[in-house]
Amino acid sequence: MNNFEPKITAFCCTFCAFSAADLAGSMRLQYPPNVRIVKLPCTGKVDVLYILKAFEDGADGVFVAGCLEGECHYLEGNFRARKRVEYAKMLLEEVGIEGERVEMYNLSSAMGARFAEIVEEMTAKIKELGPRGNGYRSEEECEEGKRD
Ligand code: FES
């Protein structure tokens with residue numbers, strides 16, 4: 001799948017990751033155009049359903065990017081987001097979709113270069129995993145614990 005271009009949805013906190021993405025743009029940093037950014041007031045707003053819906057809507061990978069640990073403007077939003085990302089990983093694995101397709105990152109608004117790096121990292125990882133399957137497993141595979 002050499003020409004596979006993954007679709008990546010990024011849930012970004014307005015205070016940090018979204019500003020970092022903006023900074024990356026102002027710095028004219030190059031990063032893959034595969035990412036669609038959803039701006040949130042805090043990553044604590046991310047619900048597991050948002051992540052699953054992004055996959056349902058065709059994303060091959062999803063990442064949540066919040067403030068640095070201890071710097072969330074709503075105190076613990078980014079810790080809650082991390083727990084939800086871990087839970088989403090588990091749910092995806094349950095239905096036969098690789099949990100690595102969803103990740104959590106922490107960064108500050110000054111980290112434009114890091115934002116570009118994250119998009120590159122995620123794009124490379126998802127390219128390696130290939131297009132997302134539909135999570136379908138036959139009855140036999142379910143019994144044997146196999147994945148598609
Ligand atoms: Fe940025 Fe909460 S305000 S993660």
Side-chain angles (χ1 to χ4, degrees), residues 1-137 145 147-148:
M1 278 286 167
N2 290 341
N3 51 6
F4 165 58
E5 284 301 333
K7 289 185 196 138
I8 296 171
T9 301
F11 292 104
C12 295
C13 161
T14 189
F15 292 104
C16 54
F18 189 80
S19 303
D22 209 24
L23 180 62
S26 308
M27 292 166 73
R28 298 180 184 269
L29 297 174
Q30 297 279 325
Y31 60 83
N34 310 57
V35 68
R36 196 178 69 179
I37 295 176
V38 180
K39 182 180 172 184
L40 297 170
C42 170
T43 54
K45 179 79 181 126
V46 173
D47 193 280
V48 173
L49 287 176
Y50 293 5
I51 297 171
L52 300 181
K53 184 80 175 107
F55 282 108
E56 190 181 286
D57 289 347
D60 300 293
V62 172
F63 72 86
V64 177
C67 298
L68 294 171
E69 291 189 1
E71 307 216 342
C72 171
H73 291 60
Y74 299 91
L75 305 176
E76 295 186 346
N78 50 2
F79 290 114
R80 292 200 178 112
R82 184 170 293 280
K83 281 185 191 163
R84 290 175 193 151
V85 165
E86 291 308 315
Y87 188 58
K89 279 177 183 282
M90 194 193 76
L91 292 177
L92 291 173
E93 292 281 347
E94 284 288 316
V95 296
I97 296 172
E98 302 91 345
E100 305 104 277
R101 289 181 185 274
V102 57
E103 292 298 344
M104 171 85 198
Y105 294 96
N106 297 88
L107 68 173
S108 78
S109 58
M111 296 167 88
R114 177 64 186 135
F115 183 84
E117 222 175 73
I118 289 169
V119 176
E120 276 175 22
E121 268 172 40
M122 276 302 287
T123 305
K125 183 164 70 171
I126 304 298
K127 272 189 176 178
E128 205 174 302
L129 288 170
R132 178 181 55 81
N134 61 7
Y136 174 77
R137 284 188 277 177
R147 298 213 170 89
D148 61 346

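Just so you know, residue 1 is the first one in the sequence shown, and it goes up from there. Counting starts at 1 for both ligands and their atoms, in listed order. This structure is a prediction, so every number in the text was calculated from the model and none was measured.
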Original post:
When K89 is tested against each of E94, E98, E103 for side chain to side chain donor-acceptor pair (under 3.5 Å), which residue passes?
Top reply: E103
Original post:
Near C42, which atoms of ligand 1 are under 4.0 Å from a heavy atom of that residue?
Top reply: 2 (Fe), 3 (S), 4 (S)
**OP:** Check the angle between the aromatic planes of Y74 and F15 and answer parallel, tilted or perpendicular using the 30° and 60° thresholds.
**Re:** tilted
Original post:
Relative to the ring of F11, is the ring of Y50 parallel (under 30°), tilted (30 to 60°) or perpendicular (over 60°)?
Top reply: tilted
**OP:** With heavy atoms only and a cut-off of under 4.0 Å, state how C67 meets ligand 1: side chain, backbone, both or neither.
**Re:** both
Subject >> Numbering as shown, the atoms of ligand 1 that approach F15 to under 4.0 Å (heavy-atom distance) >> reply: 3 (S)
**OP:** Could you confirm whether H73 has any N/O/S atom lying under 2.8 Å from atom 2 (Fe) of ligand 1?
**Re:** no
Original post:
If you draw a 6.0 Å radius around NZ in K125, do more than 12 non-hydrogen atoms from other residues or ligands fall strictly inside?
Top reply: yes
**OP:** Decide, counting backbone as well as side-chain atoms, whether C16 has an N, O or S atom less than 2.8 Å from atom 1 (Fe) of ligand 1.
**Re:** no
Original post:
Is it the case that more than 12 heavy atoms not belonging to E120 sit under 6.0 Å from its CD atom?
Top reply: yes
**OP:** Within a distance under 4.0 Å of any heavy atom of T43, pick out the atoms of ligand 1 and give their elements.
**Re:** 4 (S)
**OP:** May I ask you to test the I51-V85 pair for a side-chain heavy-atom distance under 4.5 Å?
**Re:** yes
Original post:
Can you list the atoms of ligand 1 that are under 4.0 Å from a heavy atom of C13?
Top reply: 1 (Fe), 3 (S), 4 (S)
